[in-house]
Structure formats: structure tokens, C-alpha cells
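Here it is: the structure, laid out below.
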2 protein chains.
Amino acid sequence: MQETGLAASERPRITAPHRELLDQVLDKWSLQVLEELCEQPQRFNELRRAIPVVTQKSLTAALRRLERNGMVERVVTSTRPLAVQYRITPLGTTLQGLLDALLCWTTVNMADVERARERYDDEV
Amino acid sequence: MQETGLAASERPRITAPHRELLDQVLDKWSLQVLEELCEQPQRFNELRRAIPVVTQKSLTAALRRLERNGMVERVVTSTRPLAVQYRITPLGTTLQGLLDALLCWTTVNMADVERARERYDDEV
DNA sequence: CAGAATCCAATCAGATACTG
DNA sequence: CAGTATCTGATTGGATTCTG
């Protein structure tokens with residue numbers, strides 16, 4: 001499992017591919033899309049309404065990125081007019097714990113962060 | 001299937017302040033700065049060398065953001081030429097677990113993601 | 001050394017119009 | 001409904017120059 005006997009302090013580094021994946025998955029709209037789809041599958045315009053001020057363009061881009069990375073599945077029903085449902089994939093659900101952890105962290109530390117901001121803004 | 005009080009589906013939502021904080025802390029360069037400073041305090045140019053291709057401008061911006069949000073502390077020694085050391089704060093260290101979790105997730109799922117990308121790119 | 005200031009190219013986001 | 005296409009104004013990122 002380990003090539004060499006590394007010290008505990010030698011934690012894995014963020015490499016370009018990892019960084020890139022996080023970028024695609026943690027960006028502004030993707031997080032909110034994932035959050036919505038974790039709750040239930042939804043259609044395009046449902047998502048649009050559920051996520052406050054996302055434009056159609058940004059939502060489309062976020063969905064395509066998530067689909068490409070295997071986080072979200074696009075299910076088309078060829079009716080007239082056609083219906084498209086987006087749903088989270090098994091791979092996508094592995095992100096849910098992480099999302100919760102992120103949200104938990106912001107909730108716990110928001111007050112401290114706001115104090116830090118006030119201090120910083122005052123002294124400058 | 002669900003208890004009184006909060007339904008299981010009623011998970012906390014990402015609100016604007018939370019989203020904004022995550023943006024400031026999870027962006028491309030900030031993650032790598034935090035990773036570096038979690039290992040040891042470093043000076044400006046040390047960080048610059050440690051983080052492959054960051055420009056001075058981007059590094060400065062990331063450090064200012066992290067400082068403003070209380071994640072990083074800037075320690076100035078008024079020598080000639082002056083020395084500036086950046087170090088992680090206690091609040092900043094609360095992010096470390098999250099960073100590890102993020103990195104762990106990418107490591108575990110990278111292969112699946114790459115397969116998903118190939119599938120997507122092929123069919124389009 | 002540790003930046004600030006400036007200029008410029010490239011990217012992005014919003015609005016609008018159109019389509020199967 | 002679920003998008004695509006296009007135009008445009010704003011924001012970003014890199015390169016360069018300068019400074020205490």
C-alpha cells in the first residue's frame with residue numbers, strides 16, 4: 001500500500017489532477033447542484049428554480065461538468081416536449097459526506113471567521 | 001422512517017455566506033497555500049517556490065484572503081531587507097482535516113472519474 | 001526580500017434570441 | 001421543456017516594472 005516508509009508528516013500532496021478534479025466538483029454552482037440532487041432527482045427547470053439565481057447557461061455548464069466526471073446522470077424521456085431528469089450517481093453520492101463535512105465546518109467556524117474579517121478590515 | 005423534529009431530508013442548505021466562505025478558502029491557490037503552511041511556517045518566496053507555478057500576484061491575493069478570513073497569520077520582522085513569515089492559525093488548522101478528506105476522496109475515486117470522462121468523451 | 005502598480009490578453013457571466 | 005448560439009461587459013490572470 002505504500003512504496004516507501006514515509007513519515008507521518010509526509011502527507012499526500014495536491015497534484016494537478018487532484019486539483020483539477022476538485023475544481024470541477026467544488027465550484028460555486030456544482031456544490032449546490034449536488035446538494036439538490038442528493039435530496040432527489042430533478043428536472044432542469046426544477047433545479048433552476050431551486051438554486052436561487054443561477055442562469056441557464058451556468059446551470060447547463062455545471063451539469064455537463066458533473067455528468068462528465070460521473071457525478072450526475074442525465075436521463076432523457078423522449079416525449080413531446082421532452083423531459084430530462086438529472087440524478088446523482090453512486091459515484092456522486094460518495095461526495096455527500098464531504099459536502100456535509102464542508103457545510104459543518106463553515107457552520108461551526110463562521111462566527112470566528114467573521115470576527116477575523118472585522119479585525120482585518122478595521123486595521124487596514 | 002423518520003423521527004419527529006427534523007426530517008432526514010432536511011439537511012442544512014448551502015447559503016450565500018457559507019458558499020462565499022468556501023469560495024475564499026477552497027480556491028485553487030488557497031488549498032495549496034494551506035497545505036504548505038500546515039506543514040511549516042514559510043516565507044513569501046519559500047511559498048512561491050514550493051507551489052509550482054503560482055505568480056506573485058496570485059500568491060499575494062491568496063495569502064490576503066486567507067489572512068482576512070483568519071486562516072493564516074502574517075508575521076513581519078523589520079530587518080533590512082524585511083522578512084515576512086506566514087503561518088497557519090488555530091482556526092486554520094481546523095481546515096486540515098477537511099483538506100485531508102478532500103484529498104483522500106480524490107485519491108480513492110480518481111480512477112472511476114477518469115473512466116467516466118472517457119465514456120463521456122467517447123459518446124460525444 | 002516582499003510586495004504594489006500597471007497593462008493587456010483571455011476567460012467568464014449575463015442578457016437576449018432562437019430551436020426541436 | 002430543455003436547451004444552443006451569440007454578443008457584450010466585467011472579471012481574472014500573466015507579464016512586466018518599480019520600490020522600501
Side-chain angles (χ1 to χ4, degrees), chain A residues 14 16 19-20 22-33 36-37 40-68 71-88 120-121 123-124, chain B residues 14 16 19-20 22-34 36-37 40-69 71-88 120-121 123-124:
Chain A
I14 302 177
R19 177 64 255 167
E20 192 196 344
L22 290 177
D23 277 341
Q24 306 230 325
V25 150
L26 296 183
D27 83 295
K28 177 168 179 171
W29 300 118
S30 295
L31 277 192
Q32 295 179 69
V33 169
E36 279 299 323
L37 295 184
Q40 57 182 315
Q42 290 181 59
R43 303 190 36 184
F44 187 84
N45 281 332
E46 287 179 317
L47 280 172
R48 207 176 159 181
R49 279 186 293 272
I51 300 173
V53 287
V54 68
T55 63
Q56 152 267 91
K57 187 178 177 180
S58 301
L59 180 56
T60 301
L63 285 167
R64 291 288 172 279
R65 260 197 313 276
L66 290 173
E67 192 192 352
R68 177 166 187 269
M71 303 294 137
V72 156
E73 190 186 7
R74 185 170 178 271
V75 186
V76 183
T77 310
S78 304
T79 51
R80 292 281 331 219
L82 61 87
V84 179
Q85 194 187 53
Y86 291 93
R87 60 174 62 152
I88 197 102
Y120 183 93
D121 294 344
E123 83 190 18
V124 179
Chain B
I14 302 177
R19 178 62 256 167
E20 192 196 345
L22 289 177
D23 277 340
Q24 306 232 324
V25 148
L26 296 183
D27 83 297
K28 176 167 179 171
W29 300 118
S30 296
L31 277 191
Q32 295 180 69
V33 168
L34 286 167
E36 279 299 323
L37 295 184
Q40 58 181 311
Q42 291 181 59
R43 302 191 35 185
F44 187 83
N45 281 333
E46 287 179 317
L47 280 172
R48 207 175 159 181
R49 280 187 293 271
I51 301 174
V53 289
V54 67
T55 64
Q56 168 264 336
K57 187 179 177 179
S58 301
L59 180 56
T60 301
L63 286 167
R64 292 288 172 277
R65 259 197 313 277
L66 290 173
E67 193 193 350
R68 177 166 187 269
N69 287 284
M71 303 292 137
V72 156
E73 189 185 7
R74 186 171 178 268
V75 186
V76 184
T77 311
S78 303
T79 50
R80 294 280 330 219
L82 61 86
V84 178
Q85 196 187 52
Y86 291 93
R87 60 174 63 153
I88 196 104
Y120 184 93
D121 294 345
E123 81 191 19
V124 180

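Each chain gets a letter, A, B and so on, in the order the sequences are listed, and its residues count up from 1.
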Please check the phosphate of D/dG14 (OP1 and OP2 only) for any side-chain N or O of B/Thr55 closer than 4.0 Å.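 Checking D/dG14 against B/Thr55, a side-chain N or O does come within under 4.0 Å of OP1 or OP2.
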Using 0.5 Å steps for rounding, measure from the CG atom of B/Leu34 to the CG atom of B/Leu26. 9.0 Å
Between atom CD1 in A/Ile51 and atom C1' in D/dA2, what is the gap in whole Å?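 After rounding, the reported distance stands at 15 Å.
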Looking at CD of B/Gln32 and CG of B/Leu59, how far apart are the two atoms once the value is rounded to the nearest 0.5 Å?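 It comes to 10.5 Å.
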Do B/Leu82 and B/Thr77 make a side-chain contact, defined as non-hydrogen atoms from C-beta onward lying under 4.5 Å apart? no
Please name the residue in the list B/Arg48, B/Arg43, B/Gln42 that meets the side chain to side chain contact (heavy atoms under 4.5 Å, CB included) test with B/Asn45. B/Arg48
Within this structure, what is the CZ-CD distance for the pair B/Arg68 and B/Gln24, rounded to the nearest 0.5 Å?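 One gets 6.5 Å once the value is rounded to the nearest 0.5 Å.
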From OG1 (B/Thr60) to CH2 (B/Trp29), nearest 0.5 Å: 12.5 Å
Ignoring hydrogens, what is the shortest heavy-atom contact between B/Ala50 and B/Pro52? Give both atom names and the distance.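 Closest heavy-atom pair between B/Ala50 and B/Pro52: O-CD, 3.3 Å.
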Between CZ of B/Arg48 and C1' of D/dG13 the distance, given in whole Å, is 14 Å
Compare side-chain N and O positions of A/Arg74 against OP1 and OP2 of D/dG3 and report whether any pair is under 4.0 Å apart.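 Yes.
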Under the side chain to side chain contact (heavy atoms under 4.5 Å, CB included) rule, what do B/Leu37 and B/Leu47 come out as? Steps first, then yes or no, please. CA-CA 8 Å; B/Leu37 295 184; B/Leu47 280 172; 3.9 Å; yes
Give every pair of a protein N or O atom and an N or O atom of nucleotides 18-20 of chain D that lie under 3.5 Å apart, one pair per line with the distance.
none

Expressed as a whole number of angstroms, how long is the span from B/Trp29:CH2 to D/dG13:P? 9 Å
If I take atom CG in residue A/Leu63 and atom C1' in nucleotide D/dA2, what distance separates them, rounded to the nearest angstrom? 11 Å
Hey, which sits more toward the 5' end of DNA chain C by its nearest nucleotide, B/Arg64 or A/Lys28? B/Arg64
Which value, rounded to the nearest 0.5 Å, describes the distance between B/Leu63 atom CG and B/Phe44 atom CZ?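 Here the rounded value is 6.5 Å.
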Grab the CG-P distance between A/Leu47 and D/dA2 for me, whole Å please.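 Whole-Å distance recorded here is 9 Å.
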Reckon A/Tyr86 has a side-chain N or O less than 4.0 Å from the OP1 or OP2 of D/dG3?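 Affirmative; the distance criterion is met.
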What's the NZ-C1' distance between A/Lys57 and D/dA5, to the nearest Å? 9 Å
Heavy atoms of chain B, cut-off under 4.0 Å: which first and last nucleotide of DNA chain C, 5' to 3', fall inside that, if you could look? C/dC1 to C/dC7
Atom CG of B/Leu59 and atom P of D/dG13: how far apart are they, to the nearest Å?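 Those two atoms, CG and P, are 13 Å apart.
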Separation of atom CD in A/Gln85 from atom P in D/dC1, rounded to whole Å: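 That distance rounds to 15 Å.
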Looking at A/Arg43, does any N or O in its side chain come under 4.0 Å of the phosphate oxygens OP1/OP2 on D/dG3?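 For D/dG3, neither OP1 nor OP2 has a side-chain N or O of A/Arg43 closer than 4.0 Å.
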